[in-house]
Amino acid sequence: MKEYTAKEMKLLKANPYTFKVTKNKLYFTVEFKEAFWTAYQAGMAPRKILEDLGYDLEMFGQKQIDSIVQRIRYQAQDRCGFRQGENRTRRKKDDVSIPEGTSIESKETLTRILNGVIDGKTGQYSREVLGKIPFEVSADPFYSESNMAHLRRGADAPGAGKGAEHDIIEADE
């Protein structure tokens, strides 16, 4: 991780597009992100954009520039848009949208599931929650008992005289 020197921090703080700078991190303004994204969408190279927006390229390695592009792209495509400074948004447990018309029982069940009503030992949902889900919860992995039984029946069929022998048919090329 890049550590900025005191001199670099002073230069970065002087740029009007810098929201905040710490020893380890540089935060950009919304205006920077909008200008960067517009120029990037127009086909401009990230290094050229940074330079045009007043940043000294000596302070940025290629990995850091790639990270800036990735974070700005993520915000540009996010429904919340560009945010000033810190890029992280935290989801609150209670911030859950349940569709209109959902029954009270289903809403309660969905809320419990989303809030993690899970058996800590097994990692499975508790019997209380599973009993209220309005659909059957089942897992059918490749090695399930029903799938293995089907494979055994297919493998045993030729030995039991249930298969038919035939010649190999060549495909036309």
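Taking 4.5 Å as the limit, every side-chain heavy atom of Phe28 sits out of range of all side-chain heavy atoms of Phe82. Side-chain contact between Phe60 and Leu26: present, with at least one pair of heavy atoms (C-beta onward) separated by less than 4.5 Å. Counting heavy atoms from C-beta on, the side chains of Ile49 and Tyr40 come closer than 4.5 Å. Looking only at side-chain heavy atoms (C-beta outward), Thr29 and Thr18 stay at 4.5 Å or farther from each other. In this structure, Val69 and Phe36 have side chains that are in contact, with non-hydrogen atoms separated by less than 4.5 Å. The side-chain heavy atoms of Leu12 and Met59, taken from C-beta on, include a pair separated by under 4.5 Å. Contact check for Leu11 versus Tyr55: no side-chain heavy atoms found under the 4.5 Å cut-off.
For the pair Lys20 and Tyr27, the distance from NZ or CZ to the six-membered ring centre is under 6.0 Å and the angle to the ring normal is within 45 degrees.
Contact record, Arg47 with Leu57: O-CD2, 3.4 Å, taken as the closest heavy-atom pair. Minimum interatomic distance between Asp78 and Arg83 (heavy atoms only, all atoms of both residues): OD2-NH1, 3.1 Å. Across every non-hydrogen atom of Glu8 and Glu3, the tightest pair is OE1-O, 4.0 Å. The minimum heavy-atom distance linking Pro46 with Ile65 is given by the pair CB-CG2, 3.6 Å.
Asp66 and Gln70 are not linked by any side-chain donor-acceptor pair at a separation below 3.5 angstrom, with hydrogens and angles left out of the test.
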Next on the checklist: Checking Tyr4 against Thr22 for the side-chain contact (heavy atoms from CB on, under 4.5 Å) test, could you report, in this order, the C-alpha distance in whole Å, the side-chain angles of both residues, the deciding distance, and whether it holds?
Outcome noted: CA-CA 8 Å; Tyr4 296 111; Thr22 66; over 6 Å; no
Checklist entry - Hey, mind stepping through Phe32 and Ile72 against side-chain contact (heavy atoms from CB on, under 4.5 Å) and telling me if it holds? => result CA-CA 10 Å; Phe32 170 85; Ile72 291 175; 3.7 Å; yes
Checklist entry - Checking side-chain contact (heavy atoms from CB on, under 4.5 Å) for the pair Gln41/Thr38: CA distance, chi angles, key distance, verdict? => result CA-CA 5 Å; Gln41 290 293 98; Thr38 301; 5.9 Å; no
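Taking a cutoff of 4.0 Å between a charged side-chain nitrogen and a carboxylate oxygen, Asp52 and Lys48 qualify as a salt bridge.
Once rounded to the nearest 0.5 Å, the distance linking CD of Glu31 with CD of Glu34 reads 6.5 Å. Put simply, CE on Met9 and NZ on Lys7 are 15.0 Å apart, with the number rounded to the nearest 0.5 Å.
Heavy-atom contacts from other residues, nucleotides or ligands closer than 6.0 Å to CD of Glu58 number 12 or fewer.
Checking side-chain atoms of Ser67 against main-chain N and O of Lys63 turns up no donor-acceptor pair under 3.5 Å.
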